[in-house]
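We count ligands from 1, going down the list as the structure has it; atoms in each ligand are counted the same way.
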Amino acid sequence: MKPLLNVDSALKNILAAVRPLPSESISLAETLDRVIARDIVSPVDLPPFDNSAMDGYAIRHQDSAAANAANPVALSVVMDIPAGAAPTGVLETGQAARIMTGAPIPPGTSAVIPVEDTDDDWYKGEAAPVPATVRLFRALRADENIRRAGESIAAGHRIMAAGTALGPAEIGMLAGIGCAKVDVIRQPKVVILSSGDELVDVHQTPAPGQIRDSNSYSVAALVRAGGGVAIRLPIARDSLDSVRALYRRALEIHPDLIISTAGVSVGAADFVKTVLDELGDIDFWRINMRPGKPLAFGSLQGIPFFGLPGNPVSAMVTFEVLARPALARISGREFKRKTISAVTADALKSDGRRSYIRVTISRSDKGFIAHSTGIQSSGALMSMVLADGLAVVPEGTEFLPAGTELTVLLLRSLD
Ligand code: AMP
Ligand code: MG
């Protein structure tokens, strides 16, 4: 019997064996949740010019020093600068320019007085002509309501790091700096395989002794959530020919990663192991974790391969712990695990392996509390449906009294 392999060593071996995919150039509109292949340096200032933060009047702020509602100061209006227009001259002492939000301020401007603080009432909706004079009802400080060129981002600055997944704000910013095409890491194509005489697909009715294949659906969803493109192939039967045909078909797709579930445990029919040995270079590990002790990892004709355990919870937990970081690396994606620290609500038993206990999380004034979801069988997928996270019981622990502090890997955001 092989010795048990530590979870961290297994992950280290896995990450050393996978590489980020090459990049491709795609249109900005297609980039949501894609990963940028290189740092983004802004070629421009944003905003590109000094501009008004308000609809109002550009003035020299010194001119407003004596203004208040009882004694307004009158300035002559010499320019009108709607959005999209450029100033036509310099603003002198005693002058004002009507200006719209975002329009460039004329040279000489040191503040913009909002229209509400003047006697002009264009903001009430009338398309008013530009008045000859405007009265100011208050004094302004230097720079009030002026947005300076480059205050959001300055030309030459790195604004996003390679490995960032693009969200709505990043995409808007890339549009703002004129980035119409973006170099992103190619999305990994992941083939998902399942095999077993007891399995039928979701639309079929199981005969006595059969169950529906849930793993290929949960694993495909995990792959998509991790940024991959998931391709599920039909279930193979427990025969050498059927399993071999399935793996050949997987390889013909030229995927970037292959994930199978089942067939790697002691006592499982040997077909999967036989085919893996024929087609690739695969290690069969016994990992010091619960659930999910048996795991195969290696490469099939150069393509990274995971053989996850067949039990539905084991398949999902081993994906979370070992395959998700690998998928992130292949995707060029910076991998950050979301963890919290929580204390256990009840006493827990473990078996000395590193255990990932499905828990719900509640809050108290002392912090987070982890409650077991109840049945922790590796076949009980409902424990994953209920779980907010996986509480990690360190190896070598067999009993944890209530109130023990544990790290919890979050599976969803807490609300
Ligand atoms: P095996 O590794 O083939 O011995 O499978 C271990 C356990 O996982 C058995 O109870 C299988 O029925 C179950 N199992 C295997 N594959 C799947 C699947 N795709 N969906 C649901 N359960 C599965
Ligand atoms: Mg089986």
Side-chain angles (χ1 to χ4, degrees), residues 1-2 4-5 10 190-225 228 230-247 249-250 255 257-280 282-287 289-298 300 305-323 351 353 356 358 375-387:
M1 207 35 115
K2 275 195 193 169
L4 290 177
L5 178 63
V190 184
V191 170
I192 293 149
L193 308 177
S194 40
S195 60
D197 278 343
E198 77 280 28
L199 301 177
V200 296
D201 204 347
V202 62
H203 50 272
Q204 294 172 299
T205 307
Q210 291 188 313
I211 57 168
R212 292 194 178 89
D213 159 29
S214 57
N215 290 349
S216 72
Y217 287 90
S218 58
V219 172
L222 287 165
V223 164
R224 289 197 188 106
I231 303 161
R232 293 176 45 254
L233 292 187
I235 303 157
R237 298 293 121 209
D238 279 326
S239 79
L240 195 53
D241 285 348
S242 180
V243 171
R244 191 184 277 136
L246 178 69
Y247 276 78
R249 203 167 148 196
L257 179 63
I258 300 173
I259 302 180
S260 81
T261 64
V264 291
S265 56
V266 180
D270 260 344
F271 311 115
V272 173
K273 286 177 194 156
T274 308
V275 170
L276 291 175
D277 281 336
E278 276 173 20
L279 294 176
I282 304 291
D283 286 326
F284 294 88
W285 288 333
R286 293 171 65 242
I287 301 189
M289 69 184 282
R290 192 178 73 131
K293 184 165 67 172
L295 189 115
F297 177 78
L300 297 181
F305 169 82
F306 278 95
L308 304 182
N311 276 309
V313 175
S314 311
M316 289 193 75
V317 171
T318 48
F319 184 97
E320 182 60 33
V321 173
L322 298 168
D351 69 349
R353 284 184 276 165
Y356 294 86
R358 277 79 73 206
I375 184 163
Q376 292 284 331
S377 151
S378 60
L381 199 49
M382 199 60 201
S383 67
M384 288 297 283
V385 173
L386 296 172

Between Ile211 and ligand 1, which part of the residue brings a heavy atom under 4.0 Å of the ligand: side chain, backbone, both or neither?
->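 It is the side chain that gets close, since no backbone atom is under 4.0 Å.
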
Which segment of Ser194 sits under 4.0 Å of ligand 1 when only heavy atoms are counted |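 The answer is the side chain.
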
Which pair of non-hydrogen atoms, one from Ala250 and one from Val191, has the smallest distance, and what is that distance?
->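 That closest heavy-atom pairing would be CB-CG1, 3.8 Å.
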
Among [options], which one has a heavy atom closest to [atom]?
atom: atom 21 (C) of ligand 1; options: Ser214, Ala315, Ser314; result: Ser214
atom: atom 16 (N) of ligand 1; options: Ser218, Ala262, Ser216; result: Ala262
atom: atom 1 (P) of ligand 1; options: Pro309, Pro294, Gly263; result: Gly263

Could you give the distance from OG (Ser218) to CE (Met316), rounded to the nearest 0.5 Å?
->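 If we round to the nearest 0.5 Å, Ser218:OG and Met316:CE are 5.0 Å apart.
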
Output the list of atoms in ligand 1 that are nearer than 4.0 Å to some heavy atom of Asp213, sorted by atom number.
->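 Taking each heavy atom of Asp213 in turn, ligand 1 has 18 (C), 19 (N), 20 (N) under 4.0 Å.
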
Mind checking whether Ser195 has an N or O less than 3.5 Å away from an N or O of ligand 1?
->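 So ligand 1 has no N or O lying under 3.5 Å from an N or O of Ser195.
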
Contact with ligand 1 for Pro312, non-hydrogen, under 4.0 angstrom =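 Checking ligand 1 against Pro312, which is what was asked, there is a heavy-atom contact under 4.0 Å.
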
Donor-acceptor list for residues 192-204 side chains, cut-off 3.5 Å, not counting sequence neighbours:
from	atom 1	to	atom 2	distance (Å)
Ser194	OG	Asp213	OD2	3.4
Asp197	OD1	Asp238	N	2.9
Asp201	OD1	Tyr217	OH	2.9
Gln204	OE1	Asp201	N	2.8

Residue pair Ser242 / Arg237, side-chain donor-acceptor N/O under 3.5 Å |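 The answer is no; no qualifying pair exists.
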
Inspect the surroundings of CD1 in Ile375 and state if more than 12 heavy atoms from other residues, nucleotides or ligands are less than 6.0 Å away.
->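 At most 12 heavy atoms, drawn from other residues, nucleotides or ligands, come within 6.0 Å of this atom.
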
Return each pair, listed once, that meets salt bridge (charged side-chain N to carboxylate O under 4.0 Å, His left out) where at least one residue sits in residues 308-321; pairs must be two or more places apart or across chains.
->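 Passing the test, one end in residues 308-321: Glu320-Arg324, Glu320-Arg337.
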
